[in-house]
Participant: 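One structure follows; several queries about it will come next.
Every heavy atom of this structure was used, including side-chain atoms; hydrogens, water molecules and symmetry mates were not.
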Amino acid sequence: MQDRQNRDEVREMLREHGLRYSRPRAAILGFFAEQDRHVSAEDLYVELKRRGSNLSLSTVYLNLNVLSDAGVVREFQGSQGQKLYDSNVTPHYHLICRETGEVRDVPAPTVDGVPLGRYLKRAIEEATGWEVE
């Protein structure tokens with residue numbers, strides 16, 4: 001019963017982001033749902049293999065890119081320049097230790113109740129008339 005409930009939750013989340021359900025996406029999202037994590041595609045691939053998922057590394061990369069583009073996971077750069085993926089998509093920053101590569105989340109400071117990055121983007125756009133990406 002719990003397995004079906006989790007699958008239904010994953011389907012709903014994907015639908016909300018305009019994506020269809022697939023077993024690779026369910027496996028990836030199941031991994032991220034266990035706890036907030038910061039993981040490379042390679043490390044995720046190894047862990048899913050260890051758990052018995054029959055996914056190729058290219059399938060993991062493809063689905064992480066799709067999930068990142070849809071805003072389901074967040075992509076950022078690690079201490080060695082590698083892509084890392086984060087299940088926490090709320091506004092926050094990453095502190096990364098240069099020696100160990102450990103990543104810690106830091107909540108985004110707010111200005112007038114708006115995350116700092118969003119506040120700055122809006123202020124710059126209003127001041128210049130340009131669109132900030």
Participant: Identify the two heavy atoms, one from C97 and one from S79, that lie closest to each other, and give their separation to 0.1 Å.
Facilitator: O-CB, 3.9 Å
Participant: State, to 0.1 Å, how close A41 and V60 come at their nearest heavy-atom pair, and which atoms those are.
Facilitator: O-CG1, 3.7 Å
Participant: Please check: side-chain N/O of R37 versus main-chain N/O of F31, any donor-acceptor pairing under 3.5 Å?
Facilitator: yes
Participant: OH of Y119: more than 12 outside heavy atoms within 6.0 angstrom?
Facilitator: no
Participant: When clusters are formed by joining ILVMFWY residues with side-chain heavy atoms under 4.5 Å apart, either directly or through shared neighbours, do L29 and L62 land in the same one?
Facilitator: no
Participant: I'd like to know whether R122 forms a salt bridge (Lys or Arg N to Asp or Glu O under 4.0 Å) with E125, so could you lay out the CA-CA distance, the side-chain angles of the two residues, the decisive distance to 0.1 Å, and finally the verdict.
Facilitator: CA-CA 5 Å; R122 188 181 312 150; E125 288 176 343; over 6 Å; no
Participant: If you draw a 6.0 Å radius around CZ in R51, do more than 12 non-hydrogen atoms from other residues or ligands fall strictly inside?
Facilitator: yes
Participant: When you compare the side chain of D36 with that of D86, does any pair of heavy atoms fall below 4.5 Å?
Facilitator: yes
Participant: Is there a side-chain contact between P109 and Y93, using heavy atoms and a 4.5 Å cut-off?
Facilitator: yes
Participant: Quick check: do E47 and V39 have side-chain heavy atoms less than 4.5 Å from each other?
Facilitator: no
Participant: Compare all side-chain heavy atoms of N63 with those of L55 and state whether any distance is below 4.5 angstrom.
Facilitator: no
Participant: Using side chain to side chain donor-acceptor pair (under 3.5 Å) as the criterion, list what pairs up with Y61, not counting sequence neighbours.
Facilitator: E42
Participant: Show which residues join I96 in its hydrophobic cluster (side-chain heavy-atom contacts under 4.5 Å, direct or indirect), or state none.
Facilitator: F76, L84, V103
Participant: Is the shortest side-chain heavy-atom distance between E102 and H38 below 4.5 Å?
Facilitator: no
Participant: Of all the heavy-atom pairs spanning P91 and P115, show the shortest one and how long it is.
Facilitator: CG-CG, 3.7 Å
Participant: According to the side chain to side chain donor-acceptor pair (under 3.5 Å) rule, which pairs have a member within residues 67-78, sequence neighbours left out?
Facilitator: R74-H92
Participant: In terms of heavy-atom contacts, does CD of E131 have more than 12 from other residues, nucleotides or ligands at under 6.0 Å?
Facilitator: no
Participant: Side-chain contact test, heavy atoms from C-beta onward, threshold under 4.5 Å: evaluate it for Y85 versus L67 and give yes or no.
Facilitator: no
Participant: D112 side chain to V114 main-chain N or O, any donor-acceptor pair under 3.5 Å?
Facilitator: no
Participant: Could you tell me whether the side chain of V10 reaches within less than 4.5 Å of the side chain of Y21, counting heavy atoms only?
Facilitator: yes
Participant: If you compare all heavy atoms of L19 against all heavy atoms of A70, which two are closest, and at what distance to 0.1 Å?
Facilitator: CD1-CB, 3.6 Å
Participant: Do the side chains of V46 and L48 join up, straight or via other hydrophobic residues, at under 4.5 Å, putting them in one cluster?
Facilitator: yes
Participant: Work out which heavy atom in S40 is nearest to a heavy atom in D43; give both atom names and the distance.
Facilitator: OG-N, 3.0 Å
